[in-house]
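Scroll down for the structure; my scribbles are underneath it.
Please read all numbers here as calculations on a predicted model, not as lab measurements. FYI, the numbering just counts along the sequence from 1. Every number for a ligand or one of its atoms is a count from 1 in the order of the listing.
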Amino acid sequence: MPAKPKSVRNAADTYRRLRELHADATCELTPRDPFQLLIAVVLSAQATDVAVNKVTPGLFARFADAKALAAAEVGQVEELIKTIGMYRQKARNVIGIAKKLVEDHGGVVPGDLEALVQLPGVGRKSANVVLGTAFGIASGIVVDTHVQRLSQRLGWTKQTKPELIEKELTKLFPVDDWIMLSHVLIFHGRRVCTARAPACGSCPVTDACPSAGSAEDVGRKAR
Ligand code: SF4
């Protein structure tokens, strides 16, 4: 068997140092109630958490739970979320989710992955966010654009598809690290190792990162 690259062998130590830097890392969507977090996660597709956090207080003041949202008119929800991208489609999706929760789960968000991914517009990544943040269940590792880019830049994977990256990361890190690993990589990706301008000069893991100083084109989406 070929020797593992140094970046992979040192992954636990690299992660430990990143975790120290981002000790406060957490999901940056504000809702923590499982239903409200699920809806916020669905709204956050191709939108920033900041933009979603601006619309969710008004949305949940009007429709606080699945039963209320299931009975909403599409136009009412559109009006409340119209500042975020794809709001028309998202309004339909979140009402669809609420209806399915009421019909199949008594209005309660199920705490398991298989049931969550049956909900309209809910994929594995969204389900992992909800389970990890609202339930404390490490069902997998959230691989969003930041986790994808960072795990490639740090030399932890050569895979490019989220599901394959997740598979490799779950082998590389113990299950107790899975929830926090995503939060830490997302924090680092937003604050230090950004897509366009990675700040390698102020990054604490330059010595362990194979992309240090030349990361601009590593792990970015094709232009
Ligand atoms: S050294 Fe540079 S490329 Fe590597 S994680 Fe830090 S900021 Fe990103």
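For atom 4 (Fe) of ligand 1, protein N/O/S neighbours under 2.8 Å (waters excluded) are C209 SG.
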Next item on the list: Go through D104 and Q118 one step at a time and tell me if the side chain to side chain donor-acceptor pair (under 3.5 Å) criterion holds.
Entry: CA-CA 11 Å; D104 297 350; Q118 300 301 318; over 6 Å; no
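Panel note: side chain Q148, backbone K161; no donor-acceptor pair is recorded below 3.5 Å. Panel note: side chain S126, backbone V122; no donor-acceptor pair is recorded below 3.5 Å. At least one donor-acceptor pair closer than 3.5 Å links the side chain of K90 to the backbone N or O of G85. Judged by distance alone, with hydrogens and angles left aside, the side-chain atoms of Q152 form a donor-acceptor pair with the main-chain N or O of Q159 at under 3.5 Å.
Sorted by first and then second residue, the salt bridge (charged side-chain N to carboxylate O under 4.0 Å, His left out) pairs involving residues 65-83 (not counting sequence neighbours) are E78-R88, E78-R92, E79-K82.
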